[in-house]
Every structure is written in structure tokens, then in C-alpha cells.
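The structure appears below as C-alpha cells.
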Amino acid sequence: MIDVNAFLGGYPFRRVPGTGPEAVLAAMDRAGIREAWVSHLPSLYWRDPTEGNAWLYQVASREGRFRPVPAVHPGLPGWERVLNEALARRVPAVRADPGCYALAPAGPEMRHLVQALGERGIPLLLAVRLEDQRQRHPNDVAPELPAAAVRALVRCHPEVRLLVTHADRSFVEEVHFGSTPEEAARIWWDLAWSWGPPEDHLAQVLETMGPERFVFGTGQPLRLPEAAVARLELLDVSPAARHMISERNASSLASC
């Protein structure tokens with residue numbers, strides 16, 4: 001399996017165990033995950049999140065099972081240089097979380113970034129949230145990504161591809177059914193926030209949207225990777241559909 005949504009490094013708002021590279025690798029072994037797309041967790045909340053990219057590249061260069069997802073901040077000078085470095089390193093995606101950056105989710109900075117990514121052929125990873133509102137620390141004031149912003153961003157460039165993580169069923173359906181078929185075909189969703197039995201939210205969206213739009217993502221170490229594995233194993237889908245979700249879609253997204 002390919003985990004498209006994993007993190008390395010400490011979380012600033014609470015103690016999270018198992019955030020180091022060795023611990024994440026051990027969790028991957030337990031869950032049967034072959035490869036993980038990793039982001040630098042602490043720098044999401046830094047004034048310049050790109051300062052964590054060098055460490056992320058260094059760790060990924062030592063461990064072939066990690067693929068770095070560097071951060072880019074389109075509101076800071078030099079962001080195109082960061083993007084060009086990511087392109088040269090052949091990363092599977094870059095991430096930008098406008099709520100953490102105090103940027104308008106579909107404002108001019110994010111639109112310029114999406115246009116640049118569409119021209120360069122690099123997917124953009126965005127998280128709807130990292131933690132539920134009910135358990136957030138008072139200092140974590142980053143707003144959640146609105147569904148309308150995802151629809152607006154995918155329309156900024158005809159070639160841009162979006163990977164949206166930590167989205168629940170209502171969010172996924174609002175974006176998917178509020179987009180044209182062509183737009184919806186350029187948006188992928190991970191499993192980190194889709195509930196399995198007894199709600200069966202994941203089964204419902206798979207039935208209405210098909211497995212082509214979904215990738216395997218755990219959100220580890222903020223979330224237990226075994227939970228995402230269990231949701232996948234409990235699905236009543238064909239082996240081909242399961243392979244599509246767990247590996248093939250991510251490989252296609254990174255290589256387009």
C-alpha cells in the first residue's frame with residue numbers, strides 16, 4: 001500500500017508519540033504499508049513552512065520508502081523557487097494549507113500557486129483539517145478548508161490535480177457533485193476521515209463516485225494507521241478496486 005498522507009516531526013499542540021522517522025517506519029511495517037508520502041508536521045505552523053523542507057529532503061534521501069511532500073507558501077517571496085526545487089526532485093506532490101498560512105483559501109496567492117502547479121504538472125495536497133474541532137488546543141486557530149475553495153481552485157487551471165486529505169463524507173460529496181465531471185476527475189480523496197462501519201460513509205461515497213477518486217491515506221502519526229487499513233479491509237469491493245485505492249491511484253497521480 002501507498003500512504004499518501006503521513007507526517008514526520010512533533011505536533012505543537014499536544015504530545016503525539018511515534019513522530020520520528022524510525023517510529024513511522026515501524027508503524028508502516030505493522031500496517032503493511034510499502035511507501036509513505038511524508039510532510040514535515042511542525043513546519044505547517046511556522047511563519048515560513050518551507051524551512052522544514054531541507055530536513056524532509058534529507059530524511060527521504062536516506063530512506064527510500066519515504067517520498068517527500070514539501071511545503072510551499074505562495075504568500076512569501078521566493079515560493080516559485082521552492083516549487084522549482086520540488087519539480088527538480090520529482091516529488092509526488094507539494095502541500096499548501098492556507099488556513100495555517102493565514103491566506104484566503106481561494107485567494108490570489110493560492111490561485112497563483114495552482115496555476116503554477118498546473119503548468120509544471122505537480123499535484124497540490126491540501127488538508128481540510130488535522131484534528132476535530134472538539135479536541136483542538138485553543139492556540140490552534142487555523143480554520144478548516146471550505147468545500148467551495150476546493151471547487152474554486154480546481155477551476156484555476158485545466159491541468160491542475162488536487163489531493164484533498166482529512167475530508168468527511170459530506171465534504172467529499174459537496175465538492176464532487178458541485179463540480180463538473182472534468183473537474184471532479186482531477187480531485188483525489190484519502191481515507192483518513194471517512195468512517196467505516198457502522199456508518200459506512202466510505203462505502204457510500206465509493207458506491208456513488210467509484211474507486212478511481214480515492215487513495216489510501218492514514219494521517220499517521222496523528223491518527224492510527226491501522227484504522228485506515230481496517231476501513232479498507234472491511235469494504236465489500238473487488239480486489240481490483242481495492243488495489244486501485246491502496247496503490248494504483250496514488251502511483252498514477254504522482255506520475256501524471
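Panel note: side chain Arg161, backbone Gly121; a donor-acceptor pair is recorded below 3.5 Å. Arg248 contributes no side-chain N or O that, together with a main-chain N or O of Glu212, makes up a donor-acceptor pair within less than 3.5 Å. Proximity of a side-chain donor or acceptor of Asp97 to a complementary backbone N or O of Gly99 within less than 3.5 Å is not detected. At distances below 3.5 Å, at least one donor-acceptor pair connects side-chain atoms of Arg136 with backbone N or O atoms of Glu131. Between the side chain of Asn249 and the backbone N or O of Pro211, at least one donor-acceptor pair lies under 3.5 Å. Between the Glu183 side chain and the Thr180 main chain, a donor and an acceptor come within less than 3.5 Å of each other. Between the side chain of Asn53 and the main chain of Ala71, a donor-acceptor pair closer than 3.5 Å is present. Checked by atom type and distance alone, the side chain of His243 never pairs as donor or acceptor with a backbone atom of Pro239 at under 3.5 Å. The backbone N or O of His40 lies less than 3.5 Å from a partner atom in the side chain of Ser43, making a donor-acceptor pair. Looking only at distances, a side-chain donor or acceptor of Glu63 sits under 3.5 Å from a matching main-chain atom of Arg65.
The line from CG of Leu191 to CG of Asn5 is 10.0 Å long, rounded to the nearest 0.5 Å. Annotation: the span from Glu80 atom CD to His112 atom NE2 amounts to 9.5 Å, rounded to 0.5 Å. Remark: Glu199 CD to Gln204 CD distance equals 9.5 Å, nearest 0.5 Å. Note that the OG atom of Ser61 and the CZ atom of Arg89 stand 8.0 Å from one another [nearest 0.5 Å]. Of the inter-residue distances, the one linking Ser39 atom OG with Arg95 atom CZ reads 4.0 Å to the nearest 0.5 angstrom. Rounding to the nearest 0.5 Å places NE2 of His157 at 9.5 Å from CG of Leu117.
The neighbour count for Asp132 CG, taken as heavy atoms of other residues, nucleotides or ligands under 6.0 Å away, is above 12. Within 6.0 Å of the CD atom in Glu207, the count of heavy atoms belonging to other residues, nucleotides or ligands does not exceed 12.
Two residues are said to be in side-chain contact when any heavy atoms from C-beta on lie closer than 4.5 Å; Leu126 and Leu162 meet this criterion. Using a 4.5 Å cut-off on side-chain heavy atoms (C-beta onward), Leu76 and Thr50 make no contact. For the pair Asp168 and Arg129, the minimum side-chain heavy-atom distance is below 4.5 Å. Counting heavy atoms from C-beta outward, Phe216 and Thr218 have side chains that approach closer than 4.5 Å. In this structure, Ile245 and Leu206 have side chains that are in contact, with non-hydrogen atoms separated by less than 4.5 Å. By the 4.5 Å heavy-atom criterion applied to side chains, Leu124 and Leu163 are not counted as neighbours. Contact of the Val38 side chain with the Val69 side chain is not registered, since no non-hydrogen atoms from C-beta on lie closer than 4.5 Å. A heavy-atom distance below 4.5 Å is found between the side chains of Trp79 and Leu113.
Checked for salt-bridge contact, Arg169 and Asp200 miss the test: no charged N lies under 4.0 Å from a carboxylate O. The pair Glu182-Arg186 meets the salt-bridge criterion, since a charged nitrogen lies less than 4.0 angstrom from a carboxylate oxygen. The residues Arg34 and Glu247 are annotated as salt-bridged, a charged nitrogen and a carboxylate oxygen being separated by less than 4.0 angstrom.
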Problem set entry | side-chain contact (heavy atoms from CB on, under 4.5 Å) between Val150 and Leu145, intermediate numbers included | CA-CA 8 Å; Val150 178; Leu145 182 72; 3.7 Å; yes

Exercise. After noting the C-alpha distance and the side-chain angles of Leu232 and Ser246, does the key distance pass the side-chain contact (heavy atoms from CB on, under 4.5 Å) rule?
Worked result: CA-CA 8 Å; Leu232 187 61; Ser246 63; 3.8 Å; yes

For this session: Just do the side-chain contact (heavy atoms from CB on, under 4.5 Å) check on Phe171 and Val164 with the steps written out, would you?
Result: CA-CA 10 Å; Phe171 190 104; Val164 185; 4.3 Å; yes

For this session: Please step through side-chain contact (heavy atoms from CB on, under 4.5 Å) for the pair Met28 and Gln220, ending with a clear verdict.
Result: CA-CA 9 Å; Met28 291 168 60; Gln220 66 168 314; 3.8 Å; yes

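Two different hydrophobic clusters hold Leu253 and Met244 under the rule that ILVMFWY side chains link at heavy-atom gaps under 4.5 Å. Using a 4.5 Å cut-off between side-chain heavy atoms of Ile, Leu, Val, Met, Phe, Trp and Tyr, with links allowed through other members, Val237 and Phe214 fall into the same hydrophobic cluster. Residues Val154 and Met110 share a single hydrophobic cluster, defined by chaining ILVMFWY side chains whose heavy atoms lie under 4.5 Å apart. Linking ILVMFWY side-chain heavy atoms closer than 4.5 Å, directly or via other members, places Met209 and Val215 in two distinct hydrophobic clusters. No path of Ile, Leu, Val, Met, Phe, Trp and Tyr side chains, each step under 4.5 Å between heavy atoms, connects Trp46 with Leu8, placing them in separate hydrophobic clusters.
Judged by a 6.0 Å distance limit and a 45° cone about the ring axis, Arg223 is positioned over the six-membered ring of Trp193.
Checked against a 6.0 Å centroid threshold, the rings of Trp189 and His166 do not count as neighbours.
Side-chain polar atoms of Ser179 and Arg151 form no donor-acceptor pair below 3.5 angstrom.
Closest approach of Leu235 and Arg242 over heavy atoms only: O-NH2, 3.0 Å. Nearest heavy atom pair, residue Ala185 against residue Arg213, reads O-NH2, 2.9 Å. Met1 approaches Val229 most closely through the heavy-atom pair CE-CG2, 3.8 Å. Taking every heavy atom of both residues into account, Tyr11 and Asp140 meet most closely at OH-OD2, 3.5 Å. When every heavy atom of Cys100 is checked against every heavy atom of Tyr45, the shortest pair comes out as SG-CE2, 3.9 Å. In terms of heavy atoms, Phe66 sits closest to Pro21 at CZ-O, 3.7 Å.
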